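Here the structure is a predicted model, which is why all the values come from computation and not from measurement. Values below: all heavy atoms of this structure, side chains included; hydrogens, waters and symmetry mates excluded.
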Amino acid sequence: MISIEVRELSKEYSGLLVLDKVSFKIGKSEFFAIVGPSGAGKTTLLRIIGLIESPTSGLVIFNDEIIDYGRDNLNLRRKIGLVFQQPILFNMSVFNNIAYPLKVRGYDRNLIRNKVEEVMKLLKIENLGEKNALGLSGGEAQRVALAQSLVYEPNLLLLDEPTSNLDPRNASIIEEVLLRINDERNTTIIMSTHNISQVEKLADRIAVLNMGKIERIGSFNEIFNKSNIPIFSRGENVFHGISRISPYGTSIIDIGGLQIEATFKKEGYVTIFIPPEDIILSLNPIISSARNSLEGRIVQIIDMGSLVRIKVNSIRDFYVQITRKSLEDMNLKVGERIFLAFKASSVQLLE
Amino acid sequence: MEEILNITFLSLRVSGTSVIIGSLIGIPIGAFLGLKQFRGKMTLIRLIDVMIKSIVNTFMGLPPVIVGLVVYLLLAPTGPLGWLNLLYTPSAMILTQLIEVIPIIIGITMSSVSSIEKTIRERALSLGATQWQTLFLVLREAKIGILTSIITAFGAAISEVGGIIITGGNIRWLTRTLTTAIIVETELGNFSMALTLGAILLTIAFVINLSLTIVQLKWVRR
């Protein structure tokens with residue numbers, strides 16, 4: 001098994017600092033989660049630990065061995081599994097996709113067959129073997145991608161938001177498998193996510209990454225030891241900002257280009273959360289008692305069965321939860337202009 | 001009838017040979033250029049990279065008459081390659097079409113490789129492939145694009161006339177192809193003959209495209 005130390009790790013892309021002196025240690029067979037908003041640097045951090053990208057400065061140490069990013073590191077790469085947020089599969093059958101990492105390691109035919117069948121059973125994709133991998137649904141594709149990375153039994157498994165685009169059924173299959181291999185094979189796992197309830201279920205320890213910096217690190221309770229955990233657990237619509245008190249006794253929070261009004265009274269640096277189900281969507285500007293009304297554009301529609309989650313960009317990204325019926329009645333489509341409204345009392349203070 | 005067969009076979013031979021040789025030269029070059037994505041800060045290398053790729057793209061649309069003219073001047077008795085005595089032979093025509101198809105094959109191979117290069121390479125590396133295994137997989141995944149480059153090159157070659165009429169000379173029984181024959185027959189007013197040759201040309205293009213398209217669809221197989 002692999003223990004990992006990341007020391008003062010920084011990464012710069014054409015002048016932009018994506019990771020800023022990130023440091024942490026992960027023990028052998030630990031399940032470690034990295035949470036943070038989009039653009040926090042989670043993906044970059046995992047790619048660097050996964051040896052497919054090199055840092056601008058700082059060290060990554062596997063079991064006391066400092067990684068030399070100038071080298072190919074083939075033997076180390078073969079001990080690491082990396083699952084991307086968007087599954088990348090090859091234009092061949094599902095079976096051959098999963099067999100690929102074993103083929104490149106020169107395993108013999110029978111052993112490959114056994115191992116591939118075993119992992120397909122584990123991920124409940126045993127009936128897909130003959131199908132071309134490019135024709136799979138999102139959930140199937142992600143399970144195949146995970147199977148590719150599990151089939152060679154890596155010592156370290158890196159997962160970049162592995163369930164963010166999946167429906168709850170596919171997500172829970174993946175979560176179960178992760179828990180099992182962490183438990184049975186003692187695989188060290190690092191997973192990035194912004195699904196806090198997933199973190200609570202799976203992770204031993206958590207690092208909060210924001211703007212390329214580790215803000216906190218610790219167990220779930222140490223980090224989210226707040227009464228509003230169950231609400232926060234949906235993970236979206238969390239914003240940091242600077243709050244000031246308005247003449248009416250409410251708080252006006254600047255979350256970076258946007259002013260959000262809330263009924264609580266707190267000044268200075270705050271973290272707020274707006275429950276996705278408390279936001280109202282409308283095709284026309286809303287005149288109502290809701291103190292917050294914004295104009296945005298639909299960027300994504302996420303199917304969750306009877307419920308639908310709509311991602312709306314209005315300077316910042318907001319997630320809105322509505323029923324499937326509403327989606328159909330309003331005939332909402334990606335790219336459309338839309339208006340959001342929510343009450344000042346819906347805005348929750350996290351810290 | 002015999003002459004029509006002769007003309008048809010010569011067309012197939014000239015275009016087929018130029019596309020086969022062109023593929024052997026163009027695919028490796030295209031793959032190499034597609035794989036080399038100079039993202040670093042070495043601006044000179046990047047500049048060269050951009051120049052090469054722009055030149056390839058320009059040459060993809062090279063007018064055949066210009067190629068014909070240049071090859072003619074090279075092969076003419078007084079030209080630098082005149083001693084080869086290739087002017088007005090099928091070899092001269094193959095050389096002409098070779099120059100026309102190589103940029104097409106390089107260009108399409110290059111863009112199909114570069115469009116998948118990063119994701120496939122990173123995925124293969126993350127699954128423990130060696131650098132060579134990764135390269136092989138990238139080419140395998142780009143095979144539809146590479147086949148497209150061959151189809152396009154053959155389509156351009158078989159229907160080309162401006163270049164080979166200059167370097168082949170359109171000599172009966174020797175260098176007369178479907179396209180050059182159509183010009184002669186049209187000029188002589190033998191429209192039914194010209195149309196027959198045209199139909200043969202279209203049929204050949206169709207049959208070859210059909211078989212390659214079937215292969216392509218089999219590879220995609222969603």
Margin query: Does atom CZ (Phe24(A)) have a neighbourhood of more than 12 heavy atoms from anything else shown, all under 6.0 Å?
Written below: yes

Note to self: Whether the Arg123(B) and Ser149(A) side chains hold a donor-acceptor pair (N or O, under 3.5 Å, no angle test) is what I'd like checked.
What the structure shows: yes

Margin query: Would you say CG of Asp64(A) has more than 12 non-hydrogen atoms from neighbouring residues, nucleotides or ligands within 6.0 angstrom?
Written below: no

Item checked: Minimal non-hydrogen separation, Arg105(A) against Leu127(B), with atom names -> NH1-O, 2.8 Å

Note to self: More than 12 heavy atoms of other residues, nucleotides or ligands under 6.0 Å from OH of Tyr69(A): yes or no?
What the structure shows: yes

Check: Heavy-atom count around Lys103(A) NZ within 6.0 Å, excluding the residue itself: above 12?
Finding: yes

Check: Hey, does the side chain of Glu141(B) reach the backbone of Asn91(A) with a donor-acceptor pair shorter than 3.5 angstrom?
Finding: yes

Notebook entry, point to check: Taking every heavy-atom pair that is under 4.5 Å apart, which of Ile116(B), Thr130(B), Leu137(B) has the most such pairs with chain A?
Noted result: Leu137(B)

Notebook entry, point to check: Can you name the closest pair of heavy atoms from Tyr152(A) and Ser126(B) and give their distance?
Noted result: OH-O, 3.3 Å

Notebook entry, point to check: For Tyr72(B), does the OH atom have more than 12 heavy-atom neighbours from other residues, nucleotides or ligands under 6.0 Å away?
Noted result: no

Next item on the list: First locate atom CG of Asp72(A), then atom CG of Leu125(B), and finally report the distance between them rounded to the nearest 0.5 Å.
Entry: 7.0 Å

Margin query: If you count every heavy atom of other residues, nucleotides or ligands that lies below 6.0 Å from Lys143(B) atom NZ, does the total exceed 12?
Written below: yes

Note to self: Can you tell me which portion of Ala145(A) sits under 4.5 Å from chain B's heavy atoms? Options are side chain, backbone, both or neither.
What the structure shows: both

Item checked: Heavy-atom contact with chain A under 4.5 Å, split by part of Glu122(B) -> both

Check: Where on Ile80(A) is there a heavy atom nearer than 4.5 Å to chain B: the side chain, the backbone, both, or neither?
Finding: backbone

